[in-house]
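What you are looking at is a predicted structure, and each value in this text was computed from that prediction instead of being measured. The basis for the numbers below is simple: all heavy atoms, side chains too, and nothing from hydrogens, waters or symmetry mates. In what follows, chains are A, B, ... by sequence order, proteins preceding strands, each numbered from 1.
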Amino acid sequence: METDELALSMAGCASERDRPVQSDATHDVLRRALAGDRAAFDLIVVEHHRRVLRTTLHLLGRMEDAEDAAQEVFLRLLRYKNRIDSRRDLAPWLYRLAVNVCHDFRRERQRRTSVTAEQACLSTINPKQEAALLRDEQKRIVAMALETLTERERAAIVLRDIEGLSTREVARILGSREVTVRSEISRGRVRVKKFVDLFTRGRV
Amino acid sequence: MNCRRLEELIALYVGGDLPNPKQRTVNCHLQSCPRCARFADELKATRSALKGIGHVASPEGSLERVRAAVAAAQTTKPARSFRQWPLAAASGALALALAAALGLHGRLMRDAARHATATDRQQAANTDRRISPSPLSMGLGMNGAIAGKLAARSSAPTRFGPQRRTFALQALEIDHPSRPRTSTRGGNRFALARLTEKTVPRTGGQVRGSRDVPKSKEIRVKFITNDPKVVIYWLID
């Protein structure tokens with residue numbers, strides 16, 4: 001996905017869980033941030049950092065990469081602020097930037113190491129992590145299951161099931177048709193479920 | 001009903017992602033098929049587990065690092081400002097280009113469009129789009145520099161349909177027969193152009209730089225925008 005494919009009209013996209021209240025104050029902060037007010041931009045970073053980090057973490061699977069990606073998201077927001085409509089919700093922009101940045105990170109990572117998703121997944125199951133698996137096994141297994149999805153499926157699942165966006169919103173963020181996104185969500189859910197089943201059975 | 005074929009629908013059903021008629025169809029099937037009902041229950045559990053991993057604690061100092069990086073980026077000045085260029089030649093060429101552009105507006109547009117079609121196809125560009133500016137307006141800002149931004153309407157089919165786009169100008173290169181190629185950078189400070197884009201189909205191959213253009217009496221001005229895929233040329237007789 002190319003950066004220049006950023007949607008220019010993304011009205012009405014917001015997470016069910018994190019849908020920010022679009023008060024006048026929020027709009028004012030965004031407007032000032034986009035106009036070059038550094039303090040206002042800082043407020044934007046503080047307000048959205050957690051959401052962006054959460055998304056990049058689930059898209060990339062590693063916290064160290066996720067932190068770098070989250071930082072890059074805000075730097076790109078700064079770079080492309082002229083393209084953003086301050087009257088509209090910022091969240092869809094951030095999700096889209098996060099997806100784009102993570103796509104670039106994954107591509108770079110693949111260039112450096114040719115580890116496949118399956119290998120990456122298997123490599124995470126080692127004795128050192130056994131304790132962590134036992135502590136919070138369900139979360140770990142699901143996080144590993146996400147690694148087995150294709151990039152598109154993973155983005156769709158993260159935005160729909162973890163971030164709680166509607167299918168329509170996910171389609172707009174990913175620049176796809178709704179029917180395509182539904183198909184990716186469906187395949188993604190079944191694959192996650194089957195991975196969890198297999199992994200759980202293997203361990204029992 | 002074929003349970004195997006329903007698997008995909010059930011995966012959507014558990015998230016409420018199906019249109020109502022299909023939702024009802026799947027619901028009816030689940031009432032009568034214990035195997036699929038179990039499959040649906042397991043998918044619901046998977047979906048709950050996915051929701052459950054959504055709560056992430058930020059590592060210590062993570063937010064502060066991002067804030068510092070953003071603050072640093074905001075205070076960083078453009079790599080080379082127009083004023084920092086010790087090139088009187090660049091200023092002269094720029095002023096000449098502007099004067100020519102303003103004075104030969106109509107002709108400039110026609111020439112640019114013709115040139116973009118003939119030369120660009122011939123030269124096999126690897127940029128996605130080349131833009132022939134038409135119509136154009138530009139103005140001189142303070143200190144003789146041009147200031148402003150550049151907007152273009154894309155006629156290329158995109159997944160969002162035709163759309164208006166705005167680019168910031170990152171750099172400018174001027175190719176003039178009597179001078180070596182000069183270039184300058186300075187963000188929005190030096191260039192104001194408002195134009196409509198004519199998209200030339202991608203032709204593949206390498207971008208041929210200004211130096212590759214046979215020298216003639218024309219002045220070639222190359223705008224490098226903040227979008228690496230968009231390069232804009234002005235050709236001035």
Side-chain angles (χ1 to χ4, degrees), chain A residues 2-5 7-9 17 36 38 41-42 45-46 49-50 52-54 57-58 63-64 66-67 70-75 77-80 82-83 138-143 145-146 157-158 160-164 166-167 172 175-177 182-183 185-190 192-193 196-197, chain B residues 7-19 39-40 42-59 61-75 128-129 149 151 154 158-161 163-168 188 225-230:
Chain A
E2 300 293 344
T3 306
D4 72 329
E5 289 175 356
L8 298 183
S9 171
R17 191 172 62 203
R38 292 178 188 179
F41 201 96
D42 189 51
V45 173
V46 172
H49 174 259
R50 199 181 182 85
V52 170
L53 182 65
R54 190 174 63 217
L57 174 63
H58 293 132
M63 181 56 88
E64 56 267 38
E67 284 192 87
Q71 178 173 309
E72 178 62 20
V73 166
F74 287 107
L75 291 176
L77 179 70
L78 183 64
R79 201 180 309 152
Y80 299 114
N82 292 340
R83 298 189 191 180
Q138 183 74 357
K139 280 187 180 181
R140 288 277 173 185
I141 294 171
V142 171
L146 281 177
I157 288 289
V158 167
R160 175 71 186 99
D161 286 344
I162 299 179
E163 291 299 305
S166 71
T167 310
R172 296 186 84 170
S176 298
R177 292 187 305 152
R182 270 202 290 271
S183 175
I185 289 170
S186 170
R187 279 200 308 272
R189 282 177 186 157
V190 171
V192 169
K193 175 199 168 304
V196 172
D197 288 351
Chain B
E7 207 173 70
E8 188 179 330
L9 291 180
I10 294 172
L12 293 172
Y13 168 86
V14 298
D17 296 310
L18 284 175
F39 184 74
E42 289 167 357
L43 273 171
K44 282 179 189 169
T46 301
R47 195 159 180 266
S48 299
L50 281 165
K51 278 184 185 171
I53 68 170
H55 301 285
V56 174
S58 300
S62 176
L63 172 61
E64 296 313 314
R65 283 192 289 276
V66 174
R67 290 175 74 187
V70 169
Q74 284 174 315
T75 53
D128 273 352
R129 301 183 187 94
K149 63 181 182 180
S154 168
T158 69
R159 55 176 67 116
F160 296 101
Q163 55 191 224
R164 185 170 186 80
R165 302 183 52 196
T166 301
F167 307 104
N188 291 342
T225 71
N226 60 338
D227 184 336
K229 299 254 175 191
V230 177

Practice task
Taking A/H49 for its side chain and B/S58 for its backbone only, find out whether a donor-acceptor pair lies under 3.5 Å.
Solution key: no
Handout entry: Whether A/R160 side chain and B/G15 backbone form a donor-acceptor pair below 3.5 Å
Key = yes
Exercise for the section: Find the distance between CZ (A/R38) and CD (B/Q74) and round it off to the nearest 0.5 Å. Expected result: 6.0 Å
Problem - Single hit among A/L77, A/D42, A/L75 for side-chain contact (heavy atoms from CB on, under 4.5 Å) with B/V70 - result: A/L75
Problem - Atom group of B/F39 that falls short of 4.5 Å from chain A, counting heavy atoms - result: both
Completion exercise
CD1 (B/I53) and CG (A/L57) are apart, to the nearest 0.5 Å, by 8.0 Å
Problem - CG on A/D197 to OG1 on B/T46, rounded to 0.5 Å - result: 6.5 Å
Practice task
Specify the closest pair of heavy atoms between B/A57 and A/R50, including all atoms of both residues, with the distance to one decimal.
Solution key: CA-NH2, 4.2 Å
Exercise for the section: Can you tell which part of A/V46 gets under 4.5 Å to a heavy atom of chain B, answering side chain, backbone, both or neither? Expected result: both
Completion exercise
Taken to the nearest 0.5 Å, the spacing of A/R189 CZ from B/D17 CG works out to 4.5 Å
Problem - Verdict with supporting geometry, B/L63 and A/V45, side chain to side chain contact (heavy atoms under 4.5 Å, CB included) - result: CA-CA 8 Å; B/L63 172 61; A/V45 173; 4.0 Å; yes
Problem - Criterion side chain to side chain contact (heavy atoms under 4.5 Å, CB included) on B/K51 and A/I162, from CA distance to verdict - result: CA-CA 5 Å; B/K51 278 184 185 171; A/I162 299 179; over 6 Å; no
Practice task
Mark yes or no for whether A/S186, through its side chain, and B/E8, through its backbone, hold a donor-acceptor pair below 3.5 Å.
Solution key: yes
Handout entry: Verdict with supporting geometry, B/L50 and A/L146, side chain to side chain contact (heavy atoms under 4.5 Å, CB included)
Key = CA-CA 9 Å; B/L50 281 165; A/L146 281 177; 4.0 Å; yes
Problem - Which of A/V73, A/V158, A/V192, A/L78 touches chain B most, by non-hydrogen pairs under 4.5 Å - result: A/L78
